[in-house]
Amino acid sequence: MKALGKLTSPSVIRALLDSLDHRPNKGLGQNYLIDGNILGIIVAAAEISPADQLLEIGPGLGALTQALLATGTRLTAIEKDKTMAAHLLAHFKNLPLIEQDVLDVNLSALFSGGINKVVANLPYSVGSRFIVNALEAHPLPVRMIFMVQREVADRLTAQPGGKDYGPLAIWSQLNYDVKNIKQVSPTCFMPAPKVWSSVVRFEKRAGPLAEVADYSRFKKLIKLCFTQRRKQIGSNLRKNAPEFFPCLEKCGIDPATRPEQIPIKQWVALAGAAADSI
Ligand code: SAM
């Protein structure tokens, strides 16, 4: 078997794809990272220490995998594409590889088995759905570094009052400090996607911003309110979830407020207060 060349080199990627008789699959978001600096930024952001166990989603041809393994860390990977999986198994001999759709993987089982960090150049098609699954797993990883579309990064890091603030920001920032650490041009990938991407760092807080008593109630409330994000919360709740309406005042929320203006702690308080009142 030929040794793998420099996996950020377009000519190496082209030759490898030819040898595998594979064309990048758009539906699987197969945009390979070809920028060594960005790769370095992702690996450095993970701040890998000897005790860590990492999870990589979608290794593809293995550019990030190779860089992560070079640190000496323990790494498990999940890859859906059969051709990529066969290639990875052939070249990364001892890599525990889960050949499955990441959305079907039991993340809690992996995290309770010792995996404490997640690093991925996420496929666009499943990016935010995977992040939501990871945020609902137990235990939560201490750090997660993701390459996502810039538009998703904007929603993950949004603050109350902005147009991007919504469910994704609230669920992410409840337990994590989330930062956009690098904007990434389409030219850093092969083939180049149509949009810019961002590297986002999730750093687990010492504790959640507020204790959520019933997560599914909390999630349902937020989903309901943000289906009409420009509507005043009072009129939405009075019509669609009247049990929450009397709790607005108790939680210090003016019924005329719009969902996009309400900070995370108040969402937690409102979900909890309604639970007390029923
Ligand atoms: N890690 C490589 C890199 O940085 O160059 C490839 C990243 S590419 C953006 C996304 C990878 O995720 C591809 O290898 C693709 O086959 C894989 N993938 C796509 N959808 C997936 C899914 N639902 N579950 C697991 N892997 C998936």
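Indexing begins at 1, ligand by ligand and atom by atom, following the structure's order. Fair warning: this is a prediction, and the values are worked out from it, not measured in the lab.
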>> Once side chain to side chain donor-acceptor pair (under 3.5 Å) is applied, what residue pairs with a partner in residues 255-273 remain, sequence neighbours excluded?
In response: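 Every side chain to side chain donor-acceptor pair (under 3.5 Å) pair that includes a residue of residues 255-273, provided the two are not neighbours, is Arg229-Glu260, Arg230-Glu260.
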> What ring pair (Phe, Tyr, Trp, His ring centres under 6.0 Å) pairs are there with at least one residue in residues 182-210, not counting sequence neighbours?
Replying inline: Phe146-Phe202, Tyr176-Phe202
> Can you name the residues that form a side-chain contact (heavy atoms from CB on, under 4.5 Å) with Leu89, not counting sequence neighbours?
Replying inline: Leu97, Glu99
Give a table of atom pairs where an N or O of ligand 1 lies under 3.5 Å from a protein N or O.
residue	atom	partner	partner atom	Å
ligand 1	1 (N)	Gly58	O	2.8
ligand 1	1 (N)	Pro59	O	3.2
ligand 1	4 (O)	Asn121	ND2	2.8
ligand 1	5 (O)	Leu33	N	2.9
ligand 1	14 (O)	Gly60	N	3.3
ligand 1	14 (O)	Glu79	OE1	2.8
ligand 1	16 (O)	Gln30	NE2	2.9
ligand 1	16 (O)	Glu79	OE2	2.6
ligand 1	23 (N)	Asp101	OD1	2.9
ligand 1	24 (N)	Val102	N	2.9
ligand 1	26 (N)	Lys80	N	3.3

>> Minimum heavy-atom separation for Ala77 and Pro59, please, with both atom names.
In response: CB-CG, 3.5 Å
>> Using every non-hydrogen atom in the two residues, find where Leu69 and Thr73 come nearest and quote the distance to one decimal.
In response: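 Taking Leu69 first and Thr73 second, the nearest heavy atoms are CD2-O, 4.0 Å.
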>> Please check if the number of heavy atoms outside Arg23 that lie under 6.0 Å from its CZ is greater than 12.
In response: no
